[in-house]
Number of protein chains: 4
Amino acid sequence: MSKKQDIMTATLDLIHEEGLQSVTFAKLFKRANVGSGTIYNYFANKEDLVNEVYKESRNQMGEYLLQGYDAEASLYERFKCLQMNRLRFGMHFPKRFLFIDSYSFSPYIARELRSAEDSYNSSQVVQDLIIEGQRQGVIKEMDSHLCHQLVHGIISSILKGYYVEKYPLNELQIQQIIEASWKAILV
Amino acid sequence: MSKKQDIMTATLDLIHEEGLQSVTFAKLFKRANVGSGTIYNYFANKEDLVNEVYKESRNQMGEYLLQGYDAEASLYERFKCLQMNRLRFGMHFPKRFLFIDSYSFSPYIARELRSAEDSYNSSQVVQDLIIEGQRQGVIKEMDSHLCHQLVHGIISSILKGYYVEKYPLNELQIQQIIEASWKAILV
Amino acid sequence: MSKKQDIMTATLDLIHEEGLQSVTFAKLFKRANVGSGTIYNYFANKEDLVNEVYKESRNQMGEYLLQGYDAEASLYERFKCLQMNRLRFGMHFPKRFLFIDSYSFSPYIARELRSAEDSYNSSQVVQDLIIEGQRQGVIKEMDSHLCHQLVHGIISSILKGYYVEKYPLNELQIQQIIEASWKAILV
Amino acid sequence: MSKKQDIMTATLDLIHEEGLQSVTFAKLFKRANVGSGTIYNYFANKEDLVNEVYKESRNQMGEYLLQGYDAEASLYERFKCLQMNRLRFGMHFPKRFLFIDSYSFSPYIARELRSAEDSYNSSQVVQDLIIEGQRQGVIKEMDSHLCHQLVHGIISSILKGYYVEKYPLNELQIQQIIEASWKAILV
DNA sequence: TATGAATGAGTCTTCATTCAT
DNA sequence: CATGAATGAAGACTCATTCAT
């Protein structure tokens with residue numbers, strides 16, 4: 001298990017540092033400290049390896065997104081929890097977040113993986129929350145997918161600016177962002 | 001001039017269709033209908049070519065963003081114009097928009113190009129508008145770069161969902177999006 | 001002993017199905033149901049393994065060729081027996097026959113094995129028969145090796161056509177072939 | 001045209017010297033004095049290259065076999081011409097002959113090439129000759145494909161012995177072989 | 001003995017780049 | 001300017017072989 005994980009970790013690191021296109025096997029072997037043939041004991045080829053890393057990342061994020069989620073809490077509390085989790089995940093796991101964000105629309109990732117739910121159904125939870133809010137007359141009536149995309153997009157975009165150090169993200173900013181994304185979709 | 005433009009157009013097309021990593025010169029020559037050596041009359045190498053296409057795209061977008069911009073109009077009118085322009089640009093030029101969006105944080109594009117202003121200073125216009133709004137007490141006090149990123153991010157994200165046909169974008173949706181992005185940053 | 005034989009059988013099968021050049025150890029282990037290291041308990045390397053299979057095949061054919069050979073029988077009877085045995089061996093053991101035929105002149109098989117007699121000296125028996133026939137004035141005077149090669153060659157060639165189902169080989173055809181090969185070398 | 005021919009010649013040489021399985025591109029480039037990528041300007045891959053060489057060899061042999069063939073000559077004269085040509089071709093072009101002989105039943109050569117006629121239809125000429133002889137009551141009644149295979153096989157086999165210097169082949173031996181192959185199929 | 005994960009030299013192949021025309 | 005045949009460094013991938021268990 002260790003070798004396999006070494007390889008996947010090295011892959012993610014290299015993608016983050018130089019981009020997927022310049023992840024060569026030579027760099028990978030050196031970084032992961034394995035022999036060049038070892039990868040093929042675990043992955044069919046390079047594409048398979050990258051897709052495995054993608055799947056793992058999606059699942060990890062999916063789990064993280066639902067941390068501390070209380071289905072009984074108020075609508076806003078739940079919304080806040082989901083947005084905070086997303087933001088915090090991005091802040092703590094920049095490599096994974098950027099990888100997911102960059103390649104979710106890339107032809108390199110198998111179509112079935114891109115559209116696939118993670119195993120935690122975090123996406124469905126967000127979707128349900130929006131629809132519930134609309135029924136209550138709290139959230140503005142609009143296509144729920146569009147609304148979903150909108151609140152996600154705010155976090156993604158903010159994170160990308162954060163990564164290149166356009167601004168800091170401490171508690172104050174985080175509160176402002178959550179609030180802004182909430183106001184954006186209110187009636 | 002024609003050959004050069006042929007090459008750049010083919011480059012953008014191929015990046016859109018298959019992703020930067022699988023754009024080979026062989027495909028490029030075939031698509032652009034030029035000989036394999038011709039490229040080196042115009043570009044130093046592949047990276048240079050891609051960066052030229054990036055620069056061209058940024059300038060084209062920068063110009064588009066300021067279309068019909070009236071510096072004398074009301075704050076909201078100006079905000080709306082900028083957001084509409086961005087959204088419309090993305091809808092009319094999906095290849096260029098996606099290319100810019102995907103590679104603005106990629107190591108493949110030279111750092112100085114990524115942070116560079118386009119020749120129309122559209123970025124500065126947005127920045128100024130935010131600061132003006134904050135001075136007037138209309139726009140919430142927060143880091144102006146963060147605020148800028150936030151309103152941009154909403155548009156980018158919405159467009160990506162649109163490209164994969166998650167939802168339609170007609171006048172109703174467009175109004176909702178502009179409104180949402182405005183409400184997000186109000187005090 | 002079983003494991004060793006499993007490996008050798010699998011080797012012959014694979015050579016027959018895909019040709020020597022595409023017999024990889026990976027395929028071999030799977031087919032023979034042994035671990036990848038097991039082979040090295042019995043064979044020094046791949047070449048050694050193939051040469052062992054060659055040697056085994058030669059011996060098996062050598063034994064078969066002399067089945068029912070009666071040194072006291074008439075010249076023609078003995079000739080017929082040898083030719084029939086060769087033909088029947090080829091019909092019953094196509095894998096072994098083809099392997100021997102294909103690699104007897106191949107650089108892959110050690111030179112000393114190619115020219116080596118099998119342990120039954122079947123080759124010498126044929127040779128002696130020819131010389132005896134020439135002394136009796138029945139078989140035409142010619143280089144005995146050439147004559148030997150000639151009668152062998154007829155059988156080999158006929159078998160190859162049979163394998164690709166150019167024609168059937170039942171008793172009638174077999175008689176015709178034996179007869180033809182006999183007439184070919186008569187004075 | 002020169003580079004392509006250089007590559008094909010080197011390929012045939014290497015196959016002859018070391019066998020198809022050990023023809024590596026590294027050896028090929030060195031021998032043919034071309035850069036490693038050059039092959040791919042002419043051949044899709046290694047298999048394609050080998051098949052091209054096979055096709056060329058078949059055609060060359062096909063042409064050779066009909067040299068001096070006089071359709072008006074006597075049955076025996078025509079038979080003799082065909083057999084002599086085959087034998088002489090093998091003596092003058094051992095590499096081509098052995099390559100054809102070794103790989104005509106190999107899975108490495110495309111099935112359609114193996115069964116394909118050469119462009120000179122030499123195979124058909126032989127076939128027709130046999131049937132004509134049988135109609136005249138000169139050649140023994142038997143499956144014409146079997147008869148064809150038989151007379152071919154004699155030559156092939158004799159040549160293989162010749163290549164490993166089992167015996168010389170000068171005019172005397174040649175006459176004996178032709179005669180033997182003729183007697184083999186007479187009534 | 002038997003195993004199979006790990007290895008890395010070696011394989012085929014791709015592709016940006018050069019240069020003579 | 002425009003071309004494309006030729007190149008070879010670098011890429012992904014294979015596979016016989018080793019060795020700790």
Side-chain angles (χ1 to χ4, degrees), chain A residues 1-4 6-7 21-30 32-50, chain B residues 1-4 6-7 21-30 32-50, chain C residues 1-4 6-7 21-30 32-50, chain D residues 1-4 6-7 21-30 32-50:
Chain A
M1 199 56 183
S2 176
K3 291 271 174 193
K4 184 175 183 180
D6 287 353
I7 292 166
Q21 54 158 357
S22 72
V23 175
T24 66
F25 273 32
K27 290 174 189 168
L28 207 46
F29 303 144
K30 206 171 172 183
N33 263 316
V34 297
S36 68
T38 304
I39 275 190
Y40 294 94
N41 293 331
Y42 300 105
F43 306 97
N45 51 41
K46 191 179 169 182
E47 195 166 338
D48 183 39
L49 162 60
V50 172
Chain B
M1 195 55 179
S2 175
K3 291 271 176 193
K4 182 175 182 181
D6 286 352
I7 292 167
Q21 54 158 357
S22 74
V23 175
T24 67
F25 274 29
K27 290 175 187 168
L28 209 46
F29 302 143
K30 204 172 173 185
N33 266 317
V34 298
S36 66
T38 305
I39 219 178
Y40 293 95
N41 293 328
Y42 301 107
F43 307 96
N45 51 38
K46 191 180 172 184
E47 196 166 336
D48 183 39
L49 161 60
V50 173
Chain C
M1 196 57 180
S2 174
K3 290 271 174 192
K4 183 175 182 181
D6 286 353
I7 292 167
Q21 54 157 356
S22 75
V23 174
T24 65
F25 274 28
K27 289 175 189 169
L28 208 45
F29 303 142
K30 204 172 171 184
N33 265 316
V34 297
S36 67
T38 305
I39 220 177
Y40 293 95
N41 293 327
Y42 301 107
F43 307 98
N45 52 39
K46 191 180 172 182
E47 197 165 338
D48 183 39
L49 162 61
V50 172
Chain D
M1 197 54 180
S2 175
K3 290 271 174 192
K4 184 175 182 182
D6 286 353
I7 292 166
Q21 53 159 0
S22 72
V23 175
T24 66
F25 274 32
K27 290 174 188 168
L28 208 45
F29 302 144
K30 206 171 173 184
N33 265 316
V34 299
S36 67
T38 305
I39 275 191
Y40 293 94
N41 293 331
Y42 300 105
F43 307 97
N45 50 41
K46 191 179 169 182
E47 195 165 338
D48 183 40
L49 162 59
V50 172

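Both backbone and side-chain heavy atoms feed into the values below; hydrogens, waters and symmetry mates do not. These figures come from a predicted structure and were not determined experimentally.
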Take the protein atom CZ of A:F25 and the nucleotide atom C1' of F:dT14, then report the distance between them rounded to whole Å.
12 Å

Could you state the OH-C1' distance from B:Y42 to F:dA2, rounded to the nearest angstrom?
8 Å

Identify the heavy atoms of C:N33 and C:K3 that sit nearest to each other, and give their distance.
O-NZ, 3.8 Å

One should report the stems of DNA chain F, each a stretch of at least three consecutive Watson-Crick or G-U pairs at distances under 3.5 Å, as E:2-21 with F:2-21

Which whole-number value in Å describes the distance from D:F29 CZ to E:dG10 C1'?
13 Å

Spacing between A:L28 atom CG and F:dG11 atom P, to the nearest angstrom
12 Å

Measuring from C:F29:CZ to C:S36:OG, what's the distance to the nearest 0.5 Å?
5.0 Å

Give the rounded distance in Å between these two atoms: CD of D:E47 and C1' of E:dC12.
13 Å

Applying a 4.0 Å non-hydrogen cut-off, can you work out what B:Y40 is touching in the nucleic acid: base, sugar-phosphate, or nothing?
base

Please figure out whether B:N33 or C:A44 has its closest DNA chain F nucleotide nearer the 5' end.
B:N33

Taking the side chain as every heavy atom from C-beta outward, state whether C:I39 and C:V34 have any pair of such atoms under 4.5 Å apart.
no

Distance check needed: F:dA12 C1' versus A:L49 CG, whole Å only.
12 Å

Of D:K27 and C:N41, the one whose nearest nucleotide on DNA chain E sits closer to the 5' end is C:N41

Given atom NZ of C:K4 and atom C1' of E:dT1, what is their separation to the nearest angstrom?
15 Å

Of the nucleotides E:dA2, F:dT17, F:dA6, which has the atom closest to the D:K3 side chain?
F:dA6

Would you find a donor on one side and an acceptor on the other, under 3.5 Å apart, between the side chain of C:K46 and the backbone of C:V23?
yes

Considering only side-chain heavy atoms of A:K46, which listed nucleotide, F:dC13, E:dT13, E:dT17, is closest?
F:dC13

Determine whether B:K27 and B:S22 make a side-chain contact, defined as any pair of heavy atoms from C-beta on separated by less than 4.5 Å.
yes

Is C:S36 side chain donor-acceptor paired with the F:dA16 base, going by distance under 3.5 Å alone?
no

My understanding is that only one of B:V50, B:T38, B:D48 makes a side-chain contact (heavy atoms from CB on, under 4.5 Å) with B:F43; could you say which?
B:D48

DNA chain F: A:A26 or C:N45, which has the more 5' nearest nucleotide?
A:A26

Distance-minimising heavy-atom pair for B:L28 and B:L49:
CD2-CD2, 3.5 Å

C:G35 or A:T38: which one's nearest nucleotide on DNA chain E is closer to the 5' end?
C:G35

Applying a 4.0 Å non-hydrogen cut-off, can you work out what B:T24 is touching in the nucleic acid: base, sugar-phosphate, or nothing?
sugar-phosphate

A:Q21 atom CD is separated from E:dC15 atom P, nearest whole Å, by 13 Å

